[in-house]
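We use all heavy atoms of the structure for the numbers below, so side chains are in, but hydrogens, waters and symmetry mates are not. In what follows, every chain begins at residue 1, and chains take the letters A, B, ... in the order their sequences are listed.
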2 protein chains.
Amino acid sequence: MFSFVEENYLKAIYHLSDHGNESVSTNALAEEMKTTAASVSDMIGKLSKKRVVDYQKYRGVNVSSKGKEVALQVIRKHRLWEVFLVDKLNFHWDEVHDIAEQLEHIKSPLLISKLDEFLDFPKHDPHGDPIPDENGVFATVKKIPLTELAPDTLSQVVTVNDSGTAFLKYLDKVGISIGTKIQIDDINEFDGSLDITINKQKSLTISQTAAQNILVANS
Amino acid sequence: MFSFVEENYLKAIYHLSDHGNESVSTNALAEEMKTTAASVSDMIGKLSKKRVVDYQKYRGVNVSSKGKEVALQVIRKHRLWEVFLVDKLNFHWDEVHDIAEQLEHIKSPLLISKLDEFLDFPKHDPHGDPIPDENGVFATVKKIPLTELAPDTLSQVVTVNDSGTAFLKYLDKVGISIGTKIQIDDINEFDGSLDITINKQKSLTISQTAAQNILVANS
DNA sequence: TATAGCTTTTAGATTTATCTAAAAAAAATG
DNA sequence: CATTTTTTTTAGATAAATCTAAAAGCTATA
């Protein structure tokens, strides 16, 4: 079993190593964990003894395959709890990180599988980040512009193309953010604008230009 | 702020002292916490310095008014999470204690107030224990036999009178347990039997004898 | 390639919560 | 009421995670 602190280190190493692809320096990890290089050295030694990281002195550190598994389960829990907080408790997506940071350490595989079911097996968190399954596998989804989505198909916003302030401000105003669920109700042929429903609640019309810049995935 | 361990000690002292009414011996507390008297002595000294317990050497310990507040908030969180686990995630009421024991330490007042709302402001947990409000106050509810409940009023099972095996087995079979929400739909005059709906889902008829032994509170 | 400068590790302390063993205080009993 | 028994506290150690300060190892460059 791993302590909260050990889990947080594994998660940080996983992220900083770009999903385990490159090794992480002690200093980079110290900055991420808001601690000193000395503390990081200590902890890496400990994790290495537990065989969850690969480590050689002065050569940086990376997650081992076992460590990657642990990190992915923590990430899975974090993201599922974020979905719960936003979808069920009506938190805004930018308020949930710190709470999920605590909830991710709750130990109970049954709890997580029941939570997953309760949330209807979401594939992305409210920030649009993918949620690994119980085996640590990310669903591969292809992102398409909203203009290419088939009518009456439920999708979820994954990214936006145009990250200019004006566009983001517009999205915020109409209530679209990453993770928002969108369905196309009708296409207005004369100008290509779309009548859509967001989060199964609010209906509105958006221009073809806006729709081209909203990337969605079938959810 | 209090550590998980400190919160657990305060909760244990609150319970063993019968809601703060009598002082608790070091040994009793050691047994409850599954630790040694020496560890308890240490921790009591620490809690005393933080002014959350009243303590004189060799005289036992009790929660101070500040400590009682802390304990009641932890108890509130524990019981709300139990309601969530049973009502929303379909756990059985006897599986939830250990998970709630972890969830009760999550720090976020906003989370708890939103959870409370999401659960529809429950007054009792799935074991029938009352849930203190945000000020640590227990709702005073009067328990009445189901036979005396007004029709179409939502109530919640608090206790049962007849604790014989046969009756408990019957309740289990029809899906009634402590915490179950019950509404009376109709009273059959000729034999006093009741048509009821439980948890806003399932309808059934129970005998007058059974109803007399089910104690409910307006929820 | 020698060395200055940065990174990393080690050494030694500190804090929190625990332990065992021993001492001190209180309670029970003859 | 003295003494045995039980309870409680103190003393000293341990393990986890952290810190500061100093030593050791890399690396870039002059």
Residues Val216(B) and Ser155(B): closest non-hydrogen pair is CB-OG, 3.6 Å
For Ile44(B) and Val53(B) the tightest heavy-atom approach is O-CG2, 3.9 Å
With the side chain defined as heavy atoms from C-beta on, Asn27(A) is closest, among dT7(C), dT18(C), dT10(D), to dT7(C)
Closest to the 5' end of DNA chain D, once Thr35(A) and Arg59(A) are matched to their nearest nucleotides, is Thr35(A)
- Message: For a quick check of understanding: with a heavy-atom distance under 4.0 Å over all strands, which category does Tyr9(B) fall into, base, sugar-phosphate or nothing?
- Response: sugar-phosphate
(Q) Which label fits Trp81(A) and Phe84(B): parallel for a plane angle under 30°, tilted from 30 to 60°, or perpendicular past 60°? (A) tilted
Requested in this report: Look at the side-chain N and O atoms of Ser39(A) and state whether any lies under 4.0 Å from the OP1 or OP2 oxygen of dT18(D).
Outcome: no
**Q.** Sugar-phosphate only, base, or nothing, as touched by Thr26(B) at under 4.0 Å among non-hydrogen atoms
**A.** sugar-phosphate
With the side chain defined as heavy atoms from C-beta on, Ala37(A) is closest, among dT18(C), dT8(C), dT18(D), to dT8(C)
Of the candidates dT20(C), dT9(D), dT8(C), the side chain of Ser41(A) sits closest to dT8(C)
Testing dT8(D), dT9(C), dA11(D) for proximity to the side chain of Ala38(B), the answer is dA11(D)
Side-chain atoms of Asp42(A) come closest, of dT10(C), dT20(C), dT18(C), to dT10(C)
For dA24(D), take OP1 and OP2 only and decide whether either is under 4.0 Å from a side-chain N or O of Lys57(A).
no
From the candidates dT9(C), dT18(C), dA26(C), the one with an atom nearest any side-chain atom of Tyr58(A) is dT9(C)
Margin query: Please tell me if Ser25(A) has a side-chain N or O lying less than 4.0 Å from either OP1 or OP2 of dT7(C).
Written below: no
Notebook entry, point to check: So with a 6.0 Å cut-off around NZ of Lys202(B), is the heavy-atom count from everything else above 12?
Noted result: yes
